[in-house]
Amino acid sequence: MAYDKFTILQSTAVPLPIENVDTDQIIPARFLKATKREGFGDNLFRDWRYNPDNTPKADFVLNNSTYTGKILVGGKNFGSGSSREHAAWAVYDYGFRAVVSSFFADIFKGNCLNIGVLPVQVSPEFLEKIFAAVFADPNTQLEINLPEQTITLLATGEKESFDINSYKKDNMQNGFDDIDYLQNIKGEIQEFAAERPF
Amino acid sequence: MSKTLFDKVWDSHVVRKIEGGPDVFFIDRHLIHEVTSPVAFLGLKSRGLSVLYPERTFATADHNTPTINQHLPVADPLSANQLKQLEENANEFGIRHWGLGHQKNGIVHVVGPENGITLPGATIVCGDSHTSTHGAFGAIAFGIGTSEVEMVLTSQCIMQPKPKKMRINIEGSLGKGVTPKDVALFIISKLTTSGATGYFVEYAGEVFEKMSMEGRMTVCNLSIEMGARGGMIAPDETTFNYIAGREFTPKGEAWDKAMEYWKTLKTDADAVFDIEYTFDGSSIEPMITYGTNPGMGMGISKAIPTAEEVEGGKATYEKSLGYMGFHEGEAMIGKPVDYVFVGSCTNGRIEDFRAFASVVKGRKKADNVTAWLVPGSHIVEAQIKEEGILDILTESGFELRQPGCSACLAMNDDKVPAGKYAVSTSNRNFEGRQGPGARTMLASPLVAAAAAVTGVVTDPRTLIEEQTLELA
Ligand code: SF4
């Protein structure tokens, strides 16, 4: 599925300073019954966000209108657990375009890159700085610059660079996905497959 | 150049290397189920693409299926719709489909090995993180997202950077009542849930060499719970004996040729890993988890660690214990249990039911416990009956359900109610994993059995002891 191009994102951020946020929290299994990729944002963090009677939990950050923006900032080991791409879809569908953490689980990170959400891995120290800045002033603007591979706290100019491989970077900047690439080398794949023993 | 087992299998599947990017990685066998495939098929259709090698993909229904009355129409319309979509998509694209009621139906990671789909030296993916299970055969197997399911369907490839390599050696032998599940929970408790992120693990050493295929599958299954993409064990006689003669295993000349190759699948003596750990098997005791991730496990006779003793933020730790209703320093033994779940791709195979039966035999299910015993597949179910295990279970007051993922992720009706405690042989104790508000303690089938007959968390060694005494 093609997605919007990603170059420079300036936005406020939503802080979630919890470690080991697993994909069962991001989108609980009972919401995986859809056969289309629609509406997952409504159930993002469902059980942290709503009581069993569907009333919002006032103390959860997504229910606090002080914090808004297109950047979600999470604690270490974000996205562990299940491979469900639905977790990344929920993040995207809710309106986030980037997730910042000091450490991501592998599959979640890959899924994000495949659907146009940018995972930005920063040092634990920089993550603390972001949390502190956002809690002190919810209007804190962050800039994520993909071409430069930097993330900046605009008020102070403090910045850090992040890693992304050049192939994925290119894809994100152009809104391409892997299927476009794979379609173009189909002949090569077929030759390879013919040699496989099983 | 010296290579590890992982290098040998990985390198032989690289179609093309992209400078500064991932490898184009060929997939021998692809497993799909009803939950993570519909959007992939939708993507194919909207782009007008076809399935390149339908014979390399296998479909089974498991995540959503009911575990009683499978002959009746599925009551939940959303689940019914996913099952229908899987069947229609499989039919449309010519993919083999083992739907609800089919005699080969079962949990995707149980039916793969059972039918010889899983082979040494193969690459296997599935839109499910516990695909790591198949690594037990010396395959490279890992979970993928739905976009990647679409890629495999249309090109039989995905784009993956090669992970780093880790080896975990466990030498010596295991004590009484210590199972492969305990070995895995022990490793995860040492490495934490992110300790192997970015790595592919090889398990080596005496403990794994002596382990059955079922046990190896349990260990590899749980690799993902420490963040690893997958885990694998070098194939040996145990492996070859297990796969011989299964439906999709090569036969005749093809078998001989494959055997020649399979025998080369071991890590060279001087090959180097990025990181290596060694543990002593005799130091492992039956394990149980006390928190809300699989890394929060402990020897069953120990006390719940205090925040100072564990890695990670104090706030996260306290949130976790708060959810479980537990406190630092408490004993786990004696804690009340409401539910016992035996099943899942981690511990839903025949050996697991044999182990469970060995403890409950001659005892009665505790009145306060609701037990869900769910075989991993129809083949496992049939074996349970054939071996007389069902009789033992029935005599002790247990019932056997029908195959499926069941309470492992509680997408069907098998949900543990809010606030209730479950001892589960599955793989995740995340908040709400077994139902909103459910409190999960992960453990082996022996620990589950001990809880099921006593109604509280119990060290299974005390029951095995009694049994040995009785027999003497
Ligand atoms: S049993 Fe659980 S972990 Fe295994 S495939 Fe099913 S849902 Fe996934």
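What's counted below: heavy atoms across the whole structure, side chains too, no hydrogens, waters or symmetry copies. Below, chains carry the letters A, B, ... as their sequence lines are ordered, and counting in each starts from 1.
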Subject >> Contact check, side chains of A:N111 and B:S147, non-hydrogen atoms, under 4.5 Å >> reply: no
**OP:** Kindly check if the number of other-residue, nucleotide or ligand heavy atoms within 6.0 Å of CG (B:D256) is above 12?
**Re:** yes
Original post:
How many angstroms lie between CG in B:L78 and OG1 in A:T35, if you round to the nearest 0.5 Å?
Top reply: 8.5 Å
Original post:
Does A:D180 come within less than 4.0 Å of B:R47, counting only side-chain N to carboxylate O?
Top reply: yes
**OP:** Taking A:Q25 for its side chain and B:E431 for its backbone only, find out whether a donor-acceptor pair lies under 3.5 Å.
**Re:** yes
Original post:
By a 4.5 Å heavy-atom criterion (distance strictly below it), what part of B:N427 contacts chain A: side chain, backbone, both, or neither?
Top reply: neither
Original post:
Counting heavy atoms not belonging to B:K257, are there more than 12 under 6.0 Å from its NZ?
Top reply: no
**OP:** Against chain B, work out which of A:G81, A:A87, A:S166 has the most heavy-atom pairs shorter than 4.5 Å and name it.
**Re:** A:G81
Original post:
To the nearest 0.5 Å, what is the distance between CD (B:E150) and CG (A:N114)?
Top reply: 10.0 Å
**OP:** Heavy atoms only: give me the nearest A:F104-B:T197 pair and the separation to one decimal.
**Re:** O-CG2, 3.6 Å
**OP:** Spell out, as yes or no, whether a donor-acceptor pair under 3.5 Å connects the side chain of A:D106 to the backbone of B:G198.
**Re:** yes
Original post:
Of the backbone (N, CA, C, O) and the side chain (C-beta and beyond), which part of B:V152 lies under 4.5 Å from a heavy atom of chain A, both, or neither?
Top reply: neither
Subject >> Heavy-atom proximity to chain A below 4.5 Å, by part of B:S129 >> reply: both
Subject >> Which portion of B:V24 sits near chain A, non-hydrogen atoms under 4.5 angstrom >> reply: side chain
**OP:** Kindly determine whether A:Q183 and B:T154 satisfy side chain to side chain donor-acceptor pair (under 3.5 Å), including the steps that lead there.
**Re:** CA-CA 8 Å; A:Q183 283 305 312; B:T154 187; 3.0 Å; yes
**OP:** Answer whether the closest heavy-atom distance between the side chains of A:I107 and B:R229 falls below 4.5 Å.
**Re:** yes
Original post:
Judged by atom type as modelled, is there a donor-acceptor pair below 3.5 Å linking the side chain of A:S83 to the main-chain atoms of B:D128?
Top reply: yes
**OP:** Could you have a look at B:P294, B:G43, B:A258, B:P22 and say which one has the most heavy-atom pairs with chain A under 4.5 angstrom?
**Re:** B:P22
Subject >> Shortest non-hydrogen contact from A:F103 toward B:S194 >> reply: CE2-CB, 3.7 Å
**OP:** Under 4.5 Å heavy-atom distance to chain B, tell me which part of A:I164 shows up: side chain, backbone, both or neither.
**Re:** neither
Subject >> Per-residue contact mode, A:A193 against chain B (heavy atom under 4.5 angstrom) >> reply: both
**OP:** Search all heavy atoms of A:F198 against all heavy atoms of B:P120 and return the closest pair with its distance.
**Re:** CZ-O, 3.4 Å
Original post:
Can you tell if the side chain of B:T193 reaches within under 4.5 Å of the side chain of A:D22, non-hydrogen atoms only?
Top reply: no
Subject >> Heavy atoms from other residues, nucleotides or ligands near NZ of B:K162 exceed 12 (cutoff 6.0 Å) >> reply: yes
Subject >> Proximity breakdown for B:I18 and chain A, heavy-atom pairs closer than 4.5 Å >> reply: side chain
Original post:
Can you check whether B:S155 reaches A:I179 side chain to side chain, under 4.5 Å on heavy atoms?
Top reply: no
**OP:** Go through A:K168, A:E195, A:R46, A:H86 and name the one with the most non-hydrogen pairs under 4.5 angstrom from chain B.
**Re:** A:H86
Original post:
Is a side-chain donor or acceptor of A:K33 paired with a backbone partner of B:M411 at a separation under 3.5 angstrom?
Top reply: yes
Original post:
Between B:C126, B:C157, B:G227, B:G295, which has the largest tally of heavy atom pairs under 4.5 Å with chain A?
Top reply: B:C157
Subject >> Which atoms of A:N77 approach chain B - backbone, side chain, both or neither, heavy atom under 4.5 Å >> reply: side chain
Subject >> Side-chain donor-acceptor pair present, B:Y53, A:R196, cut-off under 3.5 Å >> reply: no
Subject >> Which portion of A:F31 sits near chain B, non-hydrogen atoms under 4.5 angstrom >> reply: neither
**OP:** Name the region of B:H13, side chain, backbone, both or neither, that has any atom closer than 4.5 Å to a heavy atom of chain A.
**Re:** both
Subject >> Segment of A:K76 engaging chain B (4.5 angstrom heavy-atom cut-off) >> reply: side chain
Original post:
Can any side-chain N or O of A:E19 pair as donor or acceptor with the backbone N or O of B:Y317 at less than 3.5 Å?
Top reply: no
Original post:
Is there side-chain contact between A:K36 and B:L42, with heavy atoms separated by less than 4.5 Å?
Top reply: yes
**OP:** Look at the side chain of A:R84 and the backbone N and O of B:T36, then say whether any donor-acceptor pair between them is shorter than 3.5 Å.
**Re:** no
**OP:** To the nearest 0.5 Å, tell me how far A:D178 CG sits from B:M151 CE.
**Re:** 4.0 Å
Subject >> Largest heavy-atom contact set with chain A, pairs under 4.5 Å, which of B:P436, B:S37, B:A315 >> reply: B:P436
Original post:
Could you walk me through whether B:L52 and A:K186 pass the side chain to side chain contact (heavy atoms under 4.5 Å, CB included) check?
Top reply: CA-CA 9 Å; B:L52 188 58; A:K186 209 172 217 168; 3.9 Å; yes
Subject >> B:A410 versus chain A, the contacting section by heavy-atom distance below 4.5 Å >> reply: neither
**OP:** Could you have a look at B:P250, B:P38, B:G435 and say which one has the most heavy-atom pairs with chain A under 4.5 angstrom?
**Re:** B:P38
Original post:
Quick one: what part of B:E19 sits under 4.5 Å from any heavy atom of chain A, side chain, backbone, both or neither?
Top reply: backbone
Original post:
Do B:R433 and A:D24 meet the salt-bridge criterion of a basic N to acidic O distance under 4.0 Å?
Top reply: yes
Subject >> Flag if over 12 foreign heavy atoms under 6.0 Å of NZ, B:K319 >> reply: yes
Original post:
Out of B:K415, B:R56, B:H63, which one racks up the most heavy-atom pairs below 4.5 Å with chain A?
Top reply: B:R56
Original post:
Side-chain contact, heavy-atom cut-off 4.5 Å: B:R16 with A:F192?
Top reply: no
Subject >> Contacting region of B:I144 [heavy-atom separation from chain A under 4.5 Å] >> reply: backbone
Subject >> Side chain to side chain, A:L182 and B:M159, heavy atoms closer than 4.5 Å >> reply: yes
Original post:
Does NZ in A:K5 sit with more than 12 non-hydrogen atoms of other residues, nucleotides or ligands closer than 6.0 Å?
Top reply: no
**OP:** Answer whether the closest heavy-atom distance between the side chains of B:R428 and A:S82 falls below 4.5 Å.
**Re:** yes
Subject >> Between A:S80, A:G75, A:A29, the one whose heavy-atom pairs under 4.5 Å with chain B are most numerous >> reply: A:A29
